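Every number for a ligand or one of its atoms is a count from 1 in the order of the listing. Every value quoted in this text rests on a predicted model; they were computed, and no experiment measured them.
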Amino acid sequence: MSDEVSRWRDELQCVVDANPGPLRRITVFRATDSTQNAARRMNARSGEVITAARQTAGRGRMGRQWADTYDDGIAVTMVLPREDGGRLAIAGAVAAAHAAEATLNRRVGIKWPNDVIVDGRKLAGVLVEQVANVALLGIGMNVLQTSWPAELADRAVSMRQLGADCTRLNALRALLKAASTALALDERQLVHEYALRDVLVGANATFNVPGERITGTVLQVDPFRGLLVGNDEGEHWLAAATASMHIG
Ligand code: BTN
């Protein structure tokens, strides 16, 4: 491990010890395929936090891949009590947004359901998986990248590209601190934090939902209910789990 990475466990343990909340014990891997998989292999218990200096085969929502972090991104899985209803995913997005804002000194956006974006490019993503009696809240954030593979070039952005002079350890610290706070918020507070950052209301978009495509204007975003889309045929609530969208 590089000098910096060898300090991660102790430094991050200090953060969770200093911030009351559900996070308790840090494990740092030199490399892993996916921190979600690592948590499963460890049979990690609620309160454990798994991160890796490099994540080679991360996964995203809806079967997508999360690019290899190399030495540039951060990948974290927080093991939490299982809960239904989407609160963890929303808390994850709010936490990632707060962590980015604390470093960038500017507001960032959340694109439904839980992508953290700046100027239309993705800075962080959130994936929640349920395993037996725990939930795995996975968050990936782009920190030091200065260039991207062609397929991500116009869709991804890093903290460094946004002008932040921070290390990955700084970003991990900020994320765990923000997560300790966000995970303690109730649904009403999360809806408020989300609404402050929502970027979709008013956008025209096409949504692929099972069996059909719906084009319309986003009228309302409720992170727990989905999106209300209006068009000539009326108003439609789209649930987060079933839609992917193309804006424009
Ligand atoms: C998405 O935007 O679709 C979600 C991306 C989630 C990526 C994170 S990185 C840490 C954790 N480990 C994974 O394999 N995925 C999540």
Side-chain angles (χ1 to χ4, degrees), residues 5 8 12 23 26-42 44 48-80 86 88-97 99-100 108-118 120-131 134-145 148-149 151-152 154-159 168-169 171-176 178-179 182-183 194 197 199-200 208 223 239-247:
V5 172
W8 282 14
L12 297 176
L23 308 180
I26 304 289
T27 298
V28 178
F29 289 99
R30 178 192 291 268
T32 191
D33 52 350
S34 153
T35 54
Q36 303 285 101
N37 293 347
R40 287 169 191 253
R41 286 191 292 264
M42 292 162 64
E48 298 203 52
V49 178
I50 293 100
T51 187
R54 178 174 178 187
Q55 175 177 265
T56 55
R59 59 177 171 274
R61 293 176 57 251
M62 305 177 89
R64 299 191 190 107
Q65 295 179 338
W66 184 256
D68 192 327
T69 61
Y70 295 103
D71 290 336
D72 300 322
I74 59 171
V76 181
T77 293
M78 302 173 205
V79 186
L80 297 161
L88 294 180
I90 303 309
V94 167
V108 304
I110 301 178
K111 190 173 96 182
W112 181 81
N114 44 36
D115 287 349
V116 175
I117 66 160
V118 179
R121 292 171 188 238
K122 186 155 162 174
L123 179 65
V126 177
L127 171 72
V128 176
E129 297 174 327
Q130 310 281 353
V131 184
V134 293
L136 306 179
L137 169 57
I139 303 180
M141 184 181 287
N142 305 321
V143 181
L144 299 178
Q145 289 91 340
W148 297 98
E151 68 276 13
L152 293 177
D154 59 353
R155 294 193 283 127
V157 73
S158 71
M159 296 287 284
R168 291 196 297 163
L169 178 57
L172 284 164
R173 277 203 202 97
L175 181 60
L176 295 186
L183 287 165
Y194 191 104
R197 298 170 176 83
V199 295
L200 277 190
N208 297 310
T242 55
S244 66
M245 80 193 77
H246 306 283
I247 298 177

J.: Show the short N or O contacts, below 3.5 Å, that ligand 1 makes with protein N or O atoms; if there are none, say 'none'.
T.:
| unit_1 | atom_1 | unit_2 | atom_2 | d |
| --- | --- | --- | --- | --- |
| ligand 1 | 2 (O) | Lys122 | NZ | 2.5 |
| ligand 1 | 3 (O) | Arg61 | N | 2.7 |
| ligand 1 | 12 (N) | Thr35 | OG1 | 3.1 |
| ligand 1 | 12 (N) | Gln55 | OE1 | 3.0 |
| ligand 1 | 14 (O) | Ser34 | OG | 2.7 |
| ligand 1 | 14 (O) | Arg59 | N | 2.8 |
| ligand 1 | 15 (N) | Arg59 | O | 2.7 |

J.: How about Gln65: does its CD atom have over 12 heavy atoms from other parts shown lying under 6.0 Å from it?
T.: no
J.: Do the side chains of Asp115 and Arg155 get close enough for a salt bridge, i.e. N-O under 4.0 angstrom?
T.: no
J.: For residues 67-76, which residue pairs pass the side-chain hydrogen bond (donor to acceptor under 3.5 Å, both in side chains) check, not counting sequence neighbours?
T.: Arg54-Asp68
J.: Are any non-hydrogen side-chain atoms of Asn142 and Trp148 less than 4.5 angstrom apart?
T.: yes
J.: Can you confirm whether Asn114 sits close enough to Leu127 that some side-chain heavy atom of one is under 4.5 Å from a side-chain heavy atom of the other?
T.: no
J.: Compare all side-chain heavy atoms of Ile50 with those of Thr32 and state whether any distance is below 4.5 angstrom.
T.: no
